[in-house]
Amino acid sequence: YWMGYLYLCKELQCRTEAFSTICQLDDISLLEDPDGVEPQNLDEWKLLIQLSQQYCSVADSQLATDVNGSRWSNGSTDYDGRISPESLILMLARTVGPDRALAVLDECGVQVVLSAQSKLVCDLLRVAERRQRAMIQTMLERCDRFLWSQHA
C-alpha cells in the first residue's frame with residue numbers, strides 16, 4: 001500500500017507529502033529503495049531533515065512514556081532502518097560529501113551529535129573524496145601530456 005501511495009505522490013509531484021509520510025512511517029528503506037522517493041536537491045534534503053527532527057522528537061517523547069516497552073529490546077532502542085537526522089546526514093554525505101552535508105545540517109538549524117561510527121564514516125568519506133580528486137588530477141595531467149606528445 002505505502003509503496004503505491006509514495007509512487008502516486010512522486011508522480012503527482014507531491015514530494016513534501018511523500019517525505020512527511022516516510023518520516024511518519026519511520027522507515028528509511030522507503031528512501032533507499034529503487035521505487036522509493038529520494039530527495040533530488042538540497043532544499044528537499046533540508047525539508048526531509050527538518051521533518052525527521054520533528055517526528056523523531058515526537059517519537060522519542062512517546063517512547064519515554066511508553067509503559068509497555070513496545071520499542072524496547074534488551075534495554076535499548078532498535079534504530080536499524082529508522083529515520084533520524086543522523087541517518088539522513090550520512091545518506092546526504094554519501095551524495096554531496098560530508099562537509100557539505102554538515103553545512104546543510106547547520107542551515108536547517110538541527111542540532112545533532114554524531115555518533116563515533118558516523119564521525120568515522122564522515123572521515124572515511126573525506127579521505128575517499130581527497131583521493132578521488134588526486135586521482136582525477138593525475139589522470140588529467142597524464143592525458144594532457146599524452147595529447148601534447150601526439151601534437152608534436
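As the structure is a prediction and not an experimental result, all values here were calculated from the model. Computed over heavy atoms, backbone and side chain alike; hydrogens, waters and symmetry mates excluded.
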Give a yes or no on whether [X] and [Y] share a hydrophobic cluster (residues Ile, Leu, Val, Met, Phe, Trp, Tyr; joining criterion: side-chain heavy atoms under 4.5 Å apart).
X: Val121; Y: Leu92; result: no
X: Leu114; Y: Leu120; result: no
X: Leu124; Y: Ile89; result: no
X: Met3; Y: Tyr7; result: no
X: Leu8; Y: Leu31; result: no

For Gln117, does the CD atom have more than 12 heavy-atom neighbours from other residues, nucleotides or ligands under 6.0 Å away?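 No, CD of Gln117 has 12 or fewer neighbouring heavy atoms, counting only those of other groups under 6.0 Å.
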Side-chain donor-acceptor contact under 3.5 Å, Glu141 with Gln137: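 Their side chains do contain a donor-acceptor pair, which is all the 3.5 Å distance test asks for.
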Over all atoms of both residues, closest heavy-atom pair of [X] and [Y]:
X: Glu44; Y: Asn41; result: N-OD1, 2.9 Å
X: Arg94; Y: Leu125; result: N-CD1, 4.1 Å
X: Cys122; Y: Leu90; result: SG-CD2, 4.2 Å
X: Pro98; Y: Arg126; result: CG-CG, 3.4 Å
X: Leu88; Y: Trp45; result: O-CZ3, 3.7 Å
X: Cys9; Y: Ala18; result: CB-CB, 3.7 Å

Is the backbone N or O of [Y] less than 3.5 Å from a side-chain atom of [X], with the two atoms forming a donor-acceptor pair by type?
X: Ser87; Y: Ile83; answer: no
X: Glu86; Y: Ser115; answer: yes
X: Ser52; Y: Ile49; answer: yes
X: Ser20; Y: Thr16; answer: no

Can you tell me how far OG1 of Thr21 sits from CG of Leu6, rounded to the nearest 0.5 angstrom?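 Going from the CG atom of Leu6 to the OG1 atom of Thr21 covers 6.5 Å.
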Nearest-0.5 Å distance that lies between atom OG1 in Thr138 and atom CZ in Arg131: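 Answer rounded to 0.5 Å: 12.5 Å.
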Should the pair Tyr1 and Tyr5 be assigned to parallel (<30°), tilted (30 to 60°) or perpendicular (>60°) ring geometry?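 Parallel, since the angle between the ring planes stays under 30°.
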In terms of side-chain geometry, is the basic nitrogen of Glu38 or Lys10 positioned less than 4.0 Å from the acidic oxygen of its partner?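 So Glu38 does not pair with Lys10 through a salt bridge.
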Within a strict 4.5 Å, meaning less than it, do heavy atoms of the Arg100 and Leu42 side chains meet?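 Arg100 reaches Leu42 side chain to side chain.
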Does any part of the side chain of Ile28, heavy atoms only, come nearer than 4.5 Å to the side chain of Met91, both counted from C-beta?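 Heavy-atom side-chain distance check passes, below 4.5 Å.
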Just do the side chain to side chain contact (heavy atoms under 4.5 Å, CB included) check on Gln132 and Met135 with the steps written out, would you? CA-CA 5 Å; Gln132 184 180 26; Met135 184 184 299; 5.7 Å; no
